[in-house]
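Handing you this structure, nothing more for now.
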Amino acid sequence: MRESHIALLRAASTEAKLLLIGIPVLVWTLLPIYHMFLFAISPKDSAFSGKLWPDHPTLRNFGIVFRQEHYFLHHFWEQLWNSLFIALATGALTLTIATGAAFAISRLKVKGGRTVMNLALFTYFIPAAFLAVPMYRTMGVYGLLNSQWSLIIAMVTIATPYAIWVLKQTSDNLPVELDEAAVMDGASPMQLFRLVYLPLIAPALVAIGTYAILLAWNEYLYAFLLLSKDTAITLPVALGNFLSADDSPWELLMTTGFVYALPPAAIYYAFRRYMVSGLTAGAVKS
Amino acid sequence: MASVAIRGARKSFGTTAVIHGVDVAIADGEFVVLVGPSGCGKSTLLRMIAGLENITGGEIKIGDRVVNHVPPKERDVAMVFQNYALYPHMTVAQNMAFSMKLRGAPQAEINERVKRASEILGLGPYLERFPRQLSGGQRQRVAMGRAIVRDPQVFLFDEPLSNLDAKLRVQMRTEIKELHQRLRTTTVYVTHDQIEAMTMADKIVVMHDGLVEQIGTPLELYDKPANQFVAGFIGSPAMNFLKGKVKVNGSATFEGPNGVKLPLSQAPSSSDGRPAVYGIRPEHFTIADDGAEAEIVVVEPTGSETQVFAKLGGEEVVAVFRERHQFNPGDKIRLKPDQRVVHLFDEATGKRLTA
């Protein structure tokens, strides 16, 4: 009895210590989001009142945003679509390239696979910000500026090396006998890829797809450089433009930002199981 | 069904040669076991038959077709892997149907063959389950089902039982043998377990360091091992080896370590004084007054028999008795080898000397 009591106490104290760390971190993370939310439900004149809850909470700001009833919001839906299209295209392209590469390197053991992996790793020695200007020049040379494809290509370039690494590690953990069994069963490399390989790495694909989508969705620097027309920019760039006026409509800026933050939160919540298992896959030998 | 002929097969990985010219003839419908210690090249040879490894030299024929450059899927052989290699995302039925699906067989035929295979293996109730929902033995059966469904020329088994626990291993051993007796498909089976080889094979191929040491029926290998390696590998507990010299003056005897005299039934007079290795299986010792004196070190009763480890002329030997003796460590006993079943090997080459 006594011993189980002590064990219980010990477990409770561990829990308490975790909470002691967890609660401040949670507050620290949620505070800006709450601040944003507070702005979004406050009328324009009381946005800066500094209260923890507005006297007259309202959803009017959301109406203004959705109906595009402000100078800065004239292209809201179009810009949201730009963000969405660019994010989805980045996700799809990154997955296509990275699965192909990981399959070829890990399963088909093509020559030069190691070199490709090392080069992929090498790209991370150069911070993405350093490449922004050269990338801008390159896109200009190819006449892609202000085209959504310029940003998609740039994002795929940044996301792919990491995606290849994670997928290659995941692939390496699949037993080689599965491929051999499929080969004995008469599968061609393409059938092996489609019928055996893809279904088995599906969880990692969800994680990597989400990673690439969110990377493109949240991108600001490249989007700002490569896209400039009001109808071509993504929503984060449009949000930045709010600050070009002397009296920025902060409550609308925050409302739009809040709307923009919802899809990633939803995606992350929906796929959280895959995110954790996928992104740590291959970290340790299981 | 088909015969398999391996002639002068060689395999190198880079500059490392692992198989140095192997000849094995496997008759149609035969159950052949490749056995040997790990690293002897048995699995590599099997994979060369399967087409998963290319052939560095020599020739492999399935039926009357040389398959050296034929891709695996056109060889019409099915393989069962050690870790089952079941597709985790497919049900039992889908696993078994996979090869036929790839070949574009009509659905009716696929269903019929899967049904037949599942009946043979007793997998009927599990067809809609996934591999993760099955026990080890059931998974092994599905792996075999996948091979049966194809009705191939040759079955290849790569240590299929080594992932199972001891009891299940014995049970599956019998099942595989029964299956072969029923289907009569030519089978090549790789194992490192000599008991598996002895119990299942029509013919055993003992391999060692990339070479075939001996080919024969289980009892041929047991009764007439061609060399000291085969003698030591086949049989459990392993054969006792004692170094010494052959003495022929009138009758033949063997002078073992520290002058221990051991009986020999016959030896040519020319072999007098020849250094040799005396081989005697543990079960071929009897207790007799005219036996050689030995001191008991350890006694291990298993119920059906008792294994006795003893020092004979300073060398440790093991003897097995079915009858129950009162043995205690430290006791002196007189061990007499049955001279009709003594094996004599050349000390330098390990080759068998007795006929």
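Reckoned from all heavy atoms, side chains included, excluding hydrogens, waters and symmetry mates. We name chains A, B, ... by the order of the sequence lines, and we start the count at 1 in each one.
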Quick one: list whatever passes side-chain hydrogen bond (donor to acceptor under 3.5 Å, both in side chains) with B:Ser99, sequence neighbours left out. none
Counting only heavy atoms not in B:Gln133, do more than 12 sit closer than 6.0 Å to its CD atom? yes
How about OH on A:Tyr269, more than 12 heavy atoms from neighbouring residues, nucleotides or ligands closer than 6.0 Å, or not? no
Portion of B:Val77 that has a non-hydrogen atom of chain A nearer than 4.5 angstrom: both
Atom CZ of B:Arg184: over 12 foreign heavy atoms under 6.0 Å: yes
Would you mind writing out the side-chain donor-acceptor pairs for residues 26-35 of chain B within the sub-3.5 Å range, not counting sequence neighbours?
residue, atom, partner, partner atom, Å
B:Asp28, OD1, B:Ala2, N, 3.3
B:Asp28, OD1, B:Thr186, OG1, 3.4
B:Glu30, OE1, B:Ala27, N, 2.8
B:Glu30, OE1, B:Lys203, NZ, 3.4

Name the region of B:Tyr87, side chain, backbone, both or neither, that has any atom closer than 4.5 Å to a heavy atom of chain A. both
Assess whether atom CG of A:Asn118 is packed by more than 12 heavy atoms of other residues, nucleotides or ligands within 6.0 Å. yes
Which donor-acceptor pairs under 3.5 Å do the side chains of residues 67-75 of chain B make with protein atoms, sequence neighbours left out?
residue, atom, partner, partner atom, Å
B:Asn68, OD1, B:Ile60, N, 2.9
B:Asn68, ND2, B:Gly58, O, 2.9
B:Arg75, NE, B:Val70, O, 2.8
B:Arg75, NH1, B:Met48, O, 2.8
B:Arg75, NH1, B:Ile49, O, 2.9
B:Arg75, NH2, B:Val67, O, 2.8
B:Arg75, NH2, B:Val70, O, 3.0

Side chain to side chain, B:Gln82 and A:Glu177, heavy atoms closer than 4.5 Å: no
At a 4.5 Å cut-off on heavy atoms, which part of B:Leu102 comes close to chain A: side chain, backbone, both, or neither? both
At a 4.5 Å cut-off on heavy atoms, which part of B:Arg103 comes close to chain A: side chain, backbone, both, or neither? neither
Looking at B:Arg47, B:Met79, B:Lys101, which makes the most heavy-atom pairs under 4.5 Å with chain A? B:Arg47
Is chain A contacted by the side chain of B:Met100, its backbone, both, or neither, given a heavy-atom distance below 4.5 Å? neither
Proximity of residues 181-200 of chain A to chain B, residues having a non-hydrogen atom under 4.5 angstrom: A:Ala181, A:Ala182, A:Val183, A:Met184, A:Asp185, A:Gly186, A:Ala187, A:Gln191, A:Leu195, A:Val196, A:Pro199, A:Leu200
